[in-house]
Amino acid sequence: MTELIWEGKYDEHGRRRAPLRVALPFQTVETVNESAQERQRALDLFSTGRDPEWRNRLIWGDKKYVLPALLEEFAGQVDLIYIDPPFNTGADFSFQVQVDGEDFTKEPSVIEQKAYRDTWGRGGVDQYLKWFYETVVLLRELLAETGSIYVHLDWHVGHYAKIVLDEVFGIDRFVNEICWKRQSAKSGAFEGIGQYGRIHESILFYAKSESWVWNQQYAPYDEEYVEGFYKYVEPETGRRYRLSDLTAPESRRGESGGPLLVNGETIFPAPGRHWALGLKPGETVQDAMTRLIREARIWHEPGKMPAYKRYFDEMPGVMLQDVWTDVRPVPAQGTQRRNYPTQKPEALLERIIKTSSNEGDLVLDCFVGSGTTAAVAEKVNRRWIAADLSRFAIHTTRKCLLGIPNVRPFIVQNLGKYERQVWQKAEFGDTAEARQAAYRQFILDLYHARPISGHTWLHGVQAGRMIYVGSVDSPVSPGDVQQIIIEFKRMIGTGAGAPTTNGVDVLGWDFAFELNEVAKQQAALANVDLRFHLIPRDVMDKRAVEQGDVSFYELAALSVDVLQKGRDVTLTLTDFIIPPDYVPKEIQQAINSWAQWIDYWAVDWDNKGDTFHNQWQTYRTRKNRELQKSASITYEKPGDYVVVVKVIDILGNDTTKTLKVQVP
């Protein structure tokens with residue numbers, strides 16, 4: 001077999017490089033649309049050692065870590081994979097932000113630009129092929145023996161991708177190349193440049209073995225075909241029909257070439273032909289003809305050969321071919337449009353999922369984008385796992401799913417601290433103390449801070465503000481903040497290394513739910529100006545670091561009023577402040593009210609400290625841009641309840657606030 005070679009495919013010893021295989025555990029960060037009864041049932045199953053009920057999964061993370069993590073549990077168990085990987089443009093990671101009906105293009109974040117660099121970047125096609133090969137190797141291992149994969153590509157890399165897929169799956173496992181006409185003819189864009197208009201994309205369809213799930217699908221007949229072949233119309237019913245021959249050239253068991261009585265007339269088939277009437281068990285040929293006449297399925301005029309009436313409304317359609325021109329792209333206006341430039345229409349995914357999976361089967365999409373695959377899988381009763389690198393994609397998919405009536409509960413997961421632990425060990429060594437020191441120095445350098453020594457909770461200084469660097473293992477907690485403040489107060493007036501301002505910047509990967517407001521109040525009482533900054537995932541990307549693409553963003557702040565009357569509790573959002581340093585200026589200028597920053601918010605009315613359970617939510621849609629600002633509940637039982645509010649802003653970032661309610 002001819003082999004496609006790219007730079008980095010083999011190591012210096014001529015051995016093929018294998019994809020990364022670090023099986024990290026997933027962390028569930030949110031459970032969506034689960035009732036209190038379902039939540040208790042899941043806890044009961046877990047406490048008795050029984051497997052909990054299946055939950056569909058929405059995973060935020062890089063597929064190079066997500067896919068190996070899925071292998072641990074799902075190797076050989078995925079029935080269908082559809083992927084729509086990036087083609088070759090950074091626009092694949094952009095999205096539209098809508099403010100009061102006006103659209104703004106949000107360019108890719110640094111972590112999404114990293115994904116673009118990883119796939120095309122400076123390595124060009126070689127880098128893309130390495131990335132694509134490592135992806136499909138893992139995807140093949142996830143597939144069940146009767147499973148199949150659809151890879152959606154365009155003219156940029158489709159020809160290269162097919163060769164890689166041939167190598168991974170085998171040439172004999174290639175089933176079809178589907179040509180999807182994604183838009184109507186283009187004239188102006190290509191006029192005068194000597195080029196045909198590009199109006200199609202390709203979908204490469206492979207099976208894992210020689211036997212795969214297949215449910216025949218049909219396309220609608222076109223009008224010309226209907227008019228030409230179903231030209232008869234019953235006056236009394238208006239049903240269209242065509243006439244079909246009731247004979248065949250070869251006799252089948254029980255059939256006859258003899259005469260039949262049709263409406264009192266004896267009729268013979270043509271010489272060399274036999275009656276073909278579809279005999280039922282125990283029927284003679286005459287019995288079958290009599291039955292069909294009684295069912296009004298026989299057309300007959302005196303002196304003419306009878307014919308069978310085939311009604312148009314009973315026909316399933318044209319057996320689906322490999323050129324699809326009947327699936328329209330997502331319209332510019334409508335309920336499907338989710339402001340994603342690479343969004344695919346639901347009809348396209350419905351056709352693929354219905355063809356190559358059965359109800360209850362497991363469908364995977366690790367480039368889920370706007371959520372079309374997960375939404376369609378949900379609607380046609382398949383289990384699903386959907387993943388994406390983009391935080392905005394995860395938020396868009398969650399909103400899309402919540403728009404489905406009676407959507408089944410699902411969970412949102414990431415790899416969290418486990419991914420960071422792997423990175424920290426790989427970058428800074430095995431010895432715990434030296435690794436921790438090197439890690440802190442690295443973060444301080446990126447923050448443009450100078451390290452200081454001799455302290456437990458304060459690690460550096462920048463522009464007169466003291467710096468704390470959070471651990472990769474755990475969120476910054478109120479207890480951490482208390483220790484930071486105590487140590488800061490002890491340092492005041494101690495000499496050359498003493499603080500010159502009352503400011504402390506706390507850098508962390510994760511923060512406890514209630515931290516932003518509660519800890520700031522705690523610090524203000526101690527006359528400490530405390531600011532929380534998120535350590536971005538981009539610090540784990542060498543190229544992002546080398547190119548100076550790393551930014552530390554300050555956390556947003558949410559204000560919520562609580563009105564309680566007995567067991568009735570109402571929450572009302574009163575303010576939401578986003579630090580402006582990560583918001584494009586054109587979007588900032590379009591914002592007139594704090595509420596415009598919020599796209600979605602949800603409430604966990606009884607948080608148990610395990611994960612955020614989405615028990616109520618509201619969000620903006622294309623039809624309704626107004627945001628409900630209040631939510632209410634009537635508690636059934638008295639007690640002390642922890643309430644967590646989660647807000648998702650228009651850029652896909654989440655902010656949480658924890659409240660405590662005493663119900664009499």
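Each residue takes its place number in the sequence, starting with 1.
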Is there a donor-acceptor contact under 3.5 Å from the side chain of [X] to the main chain of [Y]?
{"X": "Arg383", "Y": "Val363", "result": "no"}
{"X": "Thr656", "Y": "Val645", "result": "no"}
{"X": "Arg55", "Y": "Phe410", "result": "no"}
{"X": "Gln662", "Y": "Lys660", "result": "no"}
{"X": "Asp388", "Y": "Gly369", "result": "yes"}
{"X": "Asp599", "Y": "Ile648", "result": "no"}
{"X": "Asn414", "Y": "Trp60", "result": "no"}

Next on the checklist: Are more than 12 heavy atoms, taken from residues, nucleotides or ligands other than Gln628, located less than 6.0 Å from that residue's CD atom?
Outcome noted: yes
Shortest non-hydrogen contact between [X] and [Y], atoms and distance:
{"X": "Leu534", "Y": "Trp509", "answer": "CD1-O, 3.3 Å"}
{"X": "Arg382", "Y": "Trp384", "answer": "O-CD1, 3.7 Å"}
{"X": "Ala556", "Y": "Thr655", "answer": "CB-OG1, 3.4 Å"}
{"X": "Thr570", "Y": "Ser630", "answer": "CG2-CB, 4.3 Å"}
{"X": "Gln413", "Y": "Thr28", "answer": "NE2-OG1, 3.2 Å"}
{"X": "Val661", "Y": "Gln564", "answer": "CG1-OE1, 3.6 Å"}

Let me confirm one number: the [atom1]-[atom2] distance from [X] to [Y], rounded to the nearest 0.5 Å.
{"X": "Asp84", "Y": "Thr373", "atom1": "CG", "atom2": "OG1", "value": "8.0 Å"}
{"X": "Glu350", "Y": "Ile353", "atom1": "CD", "atom2": "CD1", "value": "8.5 Å"}
{"X": "Tyr619", "Y": "Leu402", "atom1": "OH", "atom2": "CG", "value": "5.0 Å"}
{"X": "Leu139", "Y": "Tyr82", "atom1": "CG", "atom2": "OH", "value": "13.5 Å"}
{"X": "Asp604", "Y": "Thr611", "atom1": "CG", "atom2": "OG1", "value": "8.5 Å"}
{"X": "Phe74", "Y": "Leu362", "atom1": "CZ", "atom2": "CG", "value": "6.0 Å"}

Could I get the full list of ring-ring contact (aromatic ring centres under 6.0 Å, His included) partners for [X], not counting sequence neighbours?
{"X": "Tyr447", "result": "His533, Phe552"}
{"X": "Trp616", "result": "Trp601"}
{"X": "Tyr635", "result": "Tyr641"}

Checklist entry - What do the steps show when you test Lys63 against Trp131 for side-chain contact (heavy atoms from CB on, under 4.5 Å), and what is the final call? => result CA-CA 10 Å; Lys63 57 110 192 86; Trp131 172 90; 3.4 Å; yes
Salt-bridge criterion met for [X] and [Y] (N-O under 4.0 Å):
{"X": "Arg408", "Y": "Glu53", "answer": "no"}
{"X": "Arg182", "Y": "Asp154", "answer": "no"}
{"X": "Arg351", "Y": "Asp326", "answer": "yes"}
{"X": "Arg420", "Y": "Asp510", "answer": "yes"}

Item to check | Between Tyr150 and Trp180, ring centroids under 6.0 Å | outcome: no
Item to check | Cation-aromatic face contact Lys646/Phe612, 6.0 Å, 45 degrees | outcome: yes
Checklist entry - Less than 4.5 Å apart, any side-chain heavy atom of Leu571 and any of Leu659? => result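 Yes, close enough: below the 4.5 Å cut-off.
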